[in-house]
2 protein chains.
Amino acid sequence: MKLDEMDLLVRVAETGSMTLAARQLNLTPAAVSAAVKRVEETVGVRLFERTTRTVHPTEEGLRVIEGCQEVVARWQRTLEAVRGASQSLAGTIHISAPADTTYQILEPVIARLSQQHPELQVVVHSSDALHQLHREAIDMAIRYGPMPDSTLSARRLAICPGVLVASPAYLERSGRPSQPGELAKHRCITLRLASVPVTTWALQSAAGARTVPLQSPLCGDGYLARRWALAGQGIALKSLFDVIDDLESGRLERVLPAYTTSPMAIHAVFPSRRFLPARVRALDAAITAEFNDRLARCERWYG
Amino acid sequence: MKLDEMDLLVRVAETGSMTLAARQLNLTPAAVSAAVKRVEETVGVRLFERTTRTVHPTEEGLRVIEGCQEVVARWQRTLEAVRGASQSLAGTIHISAPADTTYQILEPVIARLSQQHPELQVVVHSSDALHQLHREAIDMAIRYGPMPDSTLSARRLAICPGVLVASPAYLERSGRPSQPGELAKHRCITLRLASVPVTTWALQSAAGARTVPLQSPLCGDGYLARRWALAGQGIALKSLFDVIDDLESGRLERVLPAYTTSPMAIHAVFPSRRFLPARVRALDAAITAEFNDRLARCERWYG
DNA sequence: ATGCTTTACGTCTAGCGTAATGATT
DNA sequence: AATCATTACGCTAGACGTAAAGCAT
């Protein structure tokens, strides 16, 4: 029995698909299928119940896969302990994050880390889709909003309300709305999340909740929305977390400051494999530090 | 990296020899040498410092070997958990014990266990030599006397003084010695331990210690000594543990009952590998139960 | 001189990709 | 129709044994 085969089992179980596991491991589906069959024969029990569309671990399969996870993790730890003498990090990290987070927050963090560790390669996947996590072998992802419980493990980085923002120039030109109803008269910049345009904003204030329907001339990802807002194109709804820099510097102003959306969590998401390589732990630490700093500024500004 | 290779590393470290490890694994020394070299290359560190006579783990080697031990043990546990559904034990156990222990104590225990589990095969190595533990791949051994600290792990089964015994017939015929000095006039049955004849008995009593020099007409292993004593051939020095049956039944009598040797421990000895297969655990349990029972009888008789 | 590790070499099998097949949505 | 798992087949590389060489005790 090989450790690679154990890793393979774990990935098949995680992705629920031999093809995806194959893609992660740079193998063909045929090889993965054969490997699963091979292991099942040597172990002597059926590990996955499978149709051509789904792959489900069996009762015993779960036990075996858990064992595989721990075994692989234990081995990786010893390897790291033994050759980790050279304190420099090496290898490739695949990280996925929403566009705005990538360009605004991650970019400097990653640049710094990359400079400290020249042998490190960071591949950035700018995406909102969680399922991409398994499609490519993503090591770490950052996601806004509630976490669907799945085979992923997540740690909360921050929790922050959404706020309406616009540039001072735009507000000078178009006026400051004093209540949500007036938003209909403004250029509102909306998001397209997972290819689906967002058509309403759910605002709340001390006075109560209010859902505002929108038709928006500008619709894009979160990064575009912020850039457009900065360029005076209109009013955007962004997580406070994303615009704290702009608010602090005065490049953006809050609109209807009595209103926010309900707080939304930001998570660091990892594949459920037990062991994170040192390079991923380092990136995680750097990102977490950055988020904590930023979160503190949000709370200071907001509170 | 294969689990078999990890097991191989563990065995090389345990035995301190590639050839012995090869013998345990049914491989050639060439294959073991190649495997070690292979692993060293994939891990990237030298695991063993070796001359042609010795194989010593390096600093990193120790870490890696420990990792291998745990990994292999973890995997064996999952395997056992998964296919252990069939509660019957199967496979082969190699057990090593002194002759008398084998014939008198182990024989019925093993017979019983073998009957309960028809697929079980027990290979008994009647031997006193600890180093045999690594020569053959012994799963469990029973040893009298102090444990040299080594790569073996041991658990104490009992601790018992040695006593002088002879058959009533012999004592009727030759008379009962009343003090150690009189032993010189008797036929004393001695042991040959590790091919070295024992020429003195170190006795002690409330009055003090006394070392008696011997020249003995009969010299053999512990089983022979007991049989000769039973046959009225003379006086033997045996662990109380070995002769409790004979003393209880009156087939043997204690000689110089005020005198014993200092208590000697009896250990169950295992190779230091982390995980004992269920079959070995079962045998261990059965033997331990037998020893506990016997030890209780010793204490009752002695106290 | 014995017994160990190492190297060289020939052999064989395990494990991969390619490509075709079968099944499911 | 598209996508996934499976099977068949040819190929390559890894792992073993044999045999010989090199060292240490």
Side-chain angles (χ1 to χ4, degrees), chain A residues 1-58 61 65 68 72 129 131-132 134-137 151, chain B residues 1-58 61 65 68 72 129 131-132 134-137 151:
Chain A
M1 176 100 258
K2 288 210 258 175
L3 287 177
D4 291 347
E5 294 172 330
M6 298 192 183
D7 189 33
L8 182 146
L9 289 187
V10 171
R11 291 185 133 95
V12 169
E14 269 181 16
T15 61
S17 155
M18 298 199 180
T19 304
L20 288 184
R23 208 165 299 169
Q24 290 189 4
L25 297 165
N26 292 320
L27 292 177
T28 57
V32 173
S33 175
V36 169
K37 188 180 178 187
R38 198 166 54 236
V39 174
E40 285 180 330
E41 274 164 7
T42 63
V43 173
V45 300
R46 187 166 186 80
L47 300 176
F48 295 99
E49 216 51 72
R50 35 199 189 274
T51 69
T52 49
R53 301 304 276 190
T54 62
V55 179
H56 285 299
T58 63
I65 287 153
C68 288
V72 171
H131 65 266
Q132 287 287 0
H134 277 147
R135 197 143 209 106
E136 306 288 329
T151 63
Chain B
M1 175 98 257
K2 287 210 256 176
L3 287 177
D4 291 347
E5 295 171 328
M6 298 192 183
D7 188 32
L8 182 146
L9 289 188
V10 171
R11 291 185 133 95
V12 169
E14 270 181 15
T15 61
S17 154
M18 297 199 179
T19 304
L20 288 184
R23 208 166 298 170
Q24 289 188 5
L25 296 166
N26 291 322
L27 293 177
T28 59
V32 173
S33 175
V36 169
K37 187 180 177 185
R38 200 165 55 237
V39 174
E40 285 180 330
E41 273 165 8
T42 63
V43 172
V45 298
R46 188 166 185 79
L47 300 177
F48 295 98
E49 215 50 72
R50 33 200 191 273
T51 70
T52 49
R53 301 302 280 187
T54 62
V55 179
H56 285 298
T58 63
I65 287 154
C68 288
V72 171
H131 65 264
Q132 286 287 359
H134 278 147
R135 196 144 209 107
E136 306 287 329
T151 63

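To find a chain, count down the sequence lines: A is the first, B the second, and so on, and within it residues start at 1.
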Listing time: all N or O pairs from protein to nucleotides 22-25 of chain C that are below 3.5 Å?
from   : atom 1 : to      : atom 2 : distance (Å)
C:dT24 : O4'    : A:Thr52 : OG1    : 2.7

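The residue A:Ser17 sits close only to the backbone: its heavy atoms come under 4.0 Å of sugar-phosphate atoms, none of a base.
Over its length, the helix from C:dA1-D:dT25 to C:dT25-D:dA1 turns its helix axis by 40°, as judged from the five terminal pairs at each end, rounded to 10°.
Sorted by first and then second residue, the pairs that involve residues 27-38 of chain A and meet side-chain hydrogen bond (donor to acceptor under 3.5 Å, both in side chains), not counting sequence neighbours, are A:Glu5-A:Arg38.
In this structure, B:Leu47 places its CG atom 17 Å from C1' of C:dT6, rounding to the nearest Å.
The CZ atom of B:Arg50 sits 4.5 Å away from atom CE of B:Met18, with the distance rounded to the nearest 0.5 Å.
Between A:Leu8 and A:Leu27 there is a side-chain heavy-atom pair separated by less than 4.5 Å.
Residues B:Pro29 and B:Ala22 come closest through the heavy atom pair N-CB, 3.7 Å.
Taking a 4.0 Å limit (strictly below) on heavy-atom distances, residues 22-37 of chain A reaches DNA chain D at A:Pro29, A:Ala30, A:Ser33, A:Lys37.
Looking only at distances, a side-chain donor or acceptor of B:Glu40 sits under 3.5 Å from a matching main-chain atom of B:Leu47.
A 4.0 Å heavy-atom criterion places the boundary nucleotides of DNA chain D facing chain A at D:dT3 to D:dT7, written 5' to 3'.
By the side-chain contact (heavy atoms from CB on, under 4.5 Å) test, B:Arg23 is found to be paired with B:Thr19, B:Leu20, B:Arg135, residues two or more places apart in sequence or in another chain being considered.
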